[in-house]
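Beneath this line is the structure, given in structure tokens, with notes to follow.
The model shown is predicted, which means the values in this text are computed figures rather than measured ones. Side chains included, hydrogens not; waters and symmetry mates left out as well; all remaining heavy atoms used.
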Amino acid sequence: MLSAATLALSLTAADANTIRWARSADALTLDPHSQNEGPTSTLLHHIYETLVLRETDGSLTPRLATEWSIHPEDPSIWVFKIREGVKFHDGADLTAEDVVFSFNRVKAESSGFRALHAAAVSAEAVDDHTVHIKTNGPSPLYVQNLTNFFIVDKDWAEKNNVVEPQNFAAGEDNFAVRNTNGTGPYKLVSRDPEVKTVLTLNENHWAEKPQVTEVIYTPIAEAATRVAALLSGEIDFVQDVPVQDVNRLQETPGVTVVNGPENRSIFFAYDVSSPKLRSGNVDDNPFAKQAVRDAIHMSIDRDAIKQVVMRGQSQPGAMPLPPFANGWTAELDAYDKPDYAKAAELVKEAGYPNGFSFDMNCSNDRYLNDEAICQAVVAMLSRANIKANLVSQSRNLHFPLIEKRESDFYLLGWGVPPFDSQYVFDFLVHTPGGSYGSYNGGQYSNPDLDKKIEALATMTDLEARNASIAEIWKVVMDEKIILNIHNQVLAYAMKDGINLAVHPENQANMSTVTYK
């Protein structure tokens with residue numbers, strides 16, 4: 001005889017067209033070029049589309065571009081053939097002009113994605129369905145940067161005064177924050193931020209009709225509540241399964257759990273350039289000193305975090321780069337066991353006989369066990385006489401601190417959509433300014449390294465390029481400007497009968513759901 005829980009979790013034909021999806025966090029905005037942030041892009045992929053898409057196996061597949069190539073007469077030009085017969089949700093035709101407009105919009109100063117296009121100079125509509133994008137030199141890997149480059153309707157944007165992306169860090173609002181007009185498989189029906197977003201099938205979509213025709217997206221920050229909603233039958237699919245519940249759910253009748261590594265590193269960074277910390281109790285900046293940074297790294301027990309905090313659901317490592325991304329090496333990813341006595345001595349020798357204190361900023365609703373990771377690191381640093389005062393808050397408040405460079409020490413997670421080290425360097429290592437360094441909240445600056453980073457975009461000799469990547473990583477790791485903890489391991493939980501593989505970008509897409 002079936003239990004009540006099993007009955008609640010069994011899939012019926014009546015609810016096969018609607019999927020009720022929950023995860024820990026909502027999209028920060030619906031403006032498709034404002035925030036380069038995981039949950040935001042994941043929801044937007046249902047409404048808007050990109051020229052190319054990243055498959056679960058890591059390969060690129062056509063989306064709004066049916067083909068792409070380097071121009072035979074000019075290696076600094078990428079040629080994109082735009083899919084014909086595509087319409088925006090309001091019925092307008094997609095043309096090359098919309099792609100050019102989207103290119104210019106995504107390069108605006110308020111765009112969170114502009115560093116991905118730093119090497120791109122201009123875009124031109126050659127005809128209604130051909131676009132040329134010119135880079136500042138041959139850029140053979142540029143197409144890898146386009147998996148989160150959403151295409152918007154030029155006329156719609158101009159009509160609604162959203163030619164520029166929302167400036168999220170400044171608290172700006174605009175029409176595109178709450179309204180959409182994409183070409184994607186689903187259209188926006190309603191949105192109540194942090195409560196519920198409802199999407200319905202786009203009947204005029206160009207691709208094969210998905211099995212899911214309605215999506216009800218519900219952010220549930222509390223881990224226990226999220227799991228309870230799945231077990232009660234209120235929710236069909238949970239994207240962010242709490243690590244402490246993975247084993248229990250795997251043994252629960254009526255529930256399917258799938259696992260996979262995520263393309264995301266969880267790390268800490270700190271202000272290495274200001275003369276004095278904002279929140280410090282000393283008159284200078286300890287993080288500007290190599291000895292203190294060495295002490296911080298000596299104080300972290302990544303294996304303990306994996307075992308106690310993550311319940312085994314993590315891949316510890318010293319590099320803020322997943323193992324499958326270009327530039328990763330086992331040597332640089334290796335880490336030592338903590339040495340608290342030596343770390344405390346380094347802090348003392350650096351000029352802080354009584355240690356020092358500062359505020360550590362941490363999100364509590366973005367990454368797997370993010371607040372618990374911060375609590376563990378606070379305890380570990382204290383053993384080296386480094387006193388971190390934990391300031392934990394929602395990602396809506398946390399991320400602007402980093403973007404505005406108003407944090408002394410902070411937690412951040414970083415994926416690498418192009419699967420290449422340049423993405424990390426462009427956003428996290430390059431001196432902040434222009435298209436670069438938008439998430440370099442530690443304000444690290446090395447002009448010589450900047451030149452090497454900028455040169456990567458147009459290096460056609462891949463062997464020489466990889467050698468330069470290795471040189472950059474050596475400086476980053478030697479100077480210890482980033483304190484990496486681990487790469488996340490993902491678990492999706494869903495009712496039996498639903499089939500959805502773990503995506504390396506954690507970009508679960510309901511249009512790919514199938515029913516067993």
So, are Asp192 and Arg178 salt-bridged, with charged N and O less than 4.0 Å apart? no
Do Glu454 and His430 pass the side-chain hydrogen bond (donor to acceptor under 3.5 Å, both in side chains) test, and can you show the C-alpha distance, the side-chain angles, and the key distance before you say yes or no? CA-CA 9 Å; Glu454 293 171 23; His430 192 288; 2.7 Å; yes
Knowing that exactly one of Arg191, Lys196, Arg395 qualifies, which makes a side-chain hydrogen bond (donor to acceptor under 3.5 Å, both in side chains) with Asp26? Arg191
Donor-acceptor check, side chain of Ser435 to backbone of Ala115, threshold 3.5 angstrom: yes or no? no
As a quick check of understanding, evaluate side-chain hydrogen bond (donor to acceptor under 3.5 Å, both in side chains) for Gln507 and Asn148, giving each step before the final call. CA-CA 11 Å; Gln507 288 183 345; Asn148 288 318; 3.0 Å; yes
Proximity of Trp21 and Tyr217 rings by center, below 6.0 Å: yes
Would you say the side chains of Thr95 and Asp93 form a donor-acceptor pair under 3.5 Å? no
Trp206 six-ring face occupied by Arg83 cation (under 6.0 Å, within 45°): yes
Do you know the tightest heavy-atom contact between Ser111 and Val106? OG-O, 2.7 Å
Answer yes if the side chains of Gln313 and His486 hold a donor-acceptor pair under 3.5 Å, and no otherwise. no
Could you tell me whether a side-chain N or O of Arg63 sits under 3.5 Å from a main-chain N or O of Leu53, the two making a donor and an acceptor? no
CG (Leu456) and NZ (Lys451) are apart, to the nearest 0.5 Å, by 14.5 Å
Would you call Asp90-Lys187 a salt bridge at under 4.0 Å N-O? no
I'd like to know if the side chain of Ser102 and the backbone of Val152 have a donor-acceptor N/O pair within less than 3.5 Å. yes
NZ/NE/NH1/NH2 to OD/OE distance under 4.0 Å, Asp271 and Arg405: no
Would you check if the side chain of Gln290 reaches a backbone N or O of Asp478 as a donor-acceptor pair within less than 3.5 Å? yes
Flag for Asn369-Tyr367: side-chain donor and acceptor within less than 3.5 Å: no
Could you tell me whether a side-chain N or O of Asp365 sits under 3.5 Å from a main-chain N or O of Ser394, the two making a donor and an acceptor? no
Quick one: do Trp78 and Thr135 satisfy side-chain hydrogen bond (donor to acceptor under 3.5 Å, both in side chains)? Show the steps, please. CA-CA 8 Å; Trp78 273 94; Thr135 54; 5.6 Å; no
Thr29 and Gln35: side-chain donor and acceptor closer than 3.5 Å? no
Gln239-Asn506 side chain donor-acceptor pair, cut-off 3.5 Å: yes
Check: Glu479 main-chain N/O paired with Arg293 side-chain donor or acceptor under 3.5 Å: yes
Run the side-chain hydrogen bond (donor to acceptor under 3.5 Å, both in side chains) test on Thr512 and Asn509 for me, step by step, so that the C-alpha distance in whole Å, both residues' side-chain angles and the decisive distance to 0.1 Å come before the verdict. CA-CA 6 Å; Thr512 65; Asn509 194 310; 5.2 Å; no
Tell me if a side-chain donor or acceptor on His132 pairs with a main-chain N or O of Val126 at a distance below 3.5 Å. no
Summary of ring pair (Phe, Tyr, Trp, His ring centres under 6.0 Å) pairs that have at least one residue in residues 105-128, sequence neighbours excluded: His117-Tyr142, His117-Phe149
Give me the one residue out of Ile469, Asp420, Leu449 that meets side chain to side chain contact (heavy atoms under 4.5 Å, CB included) with Phe425. Ile469
Between Phe419 and Trp328 (judged by ring centroids, cut-off 6.0 Å), do the two rings come close enough to count as a pair? no
Within the distance-only criterion (no hydrogens, no angle test), does the side chain of Thr329 pair as donor or acceptor with the backbone N or O of Leu332 below 3.5 angstrom? yes
Any donor-acceptor N or O pair under 3.5 Å, side chains Asn285, Ser274: no
Please check if atom CD in Glu109 has more than 12 non-hydrogen atoms from other residues, nucleotides or ligands closer than 6.0 Å. no
Of the options Phe267, Phe268, Tyr423, which is the one that meets Trp414 in a ring-ring contact (aromatic ring centres under 6.0 Å, His included)? Tyr423
Would you say that Leu30 contacts Asn179 through its side chain, given a criterion of any heavy-atom pair below 4.5 Å between the two side chains? no
Side-chain donor/acceptor of Arg366 to backbone N/O of Ser363, under 3.5 Å: no
Of all heavy-atom pairs between Asn174 and Ala176, which one has the smallest distance, and what is that distance? OD1-N, 2.8 Å
Please tell me whether His45 and Phe150 form a close aromatic pair, meaning their ring centres lie under 6.0 Å apart. yes
Mind checking whether Arg54 and Gln144 have side chains closer than 4.5 Å, heavy atoms only? yes
Can you name the residues that form a ring-ring contact (aromatic ring centres under 6.0 Å, His included) with Phe287, not counting sequence neighbours? Tyr270, Phe356, Phe358, Phe409
Out of the candidates Leu146, Thr130, Val99, only one should pair with Phe80 under the side chain to side chain contact (heavy atoms under 4.5 Å, CB included) rule; please name it. Leu146
Quick one: does any side-chain atom of Gln211 pair with a main-chain N or O of Tyr515 as donor and acceptor, under 3.5 Å? yes
Short N-O contact, Glu471 and Lys452, less than 4.0 angstrom: yes
Distance-only polar pair, side chains of Ser24 and Asp240, donor-acceptor under 3.5 Å: yes
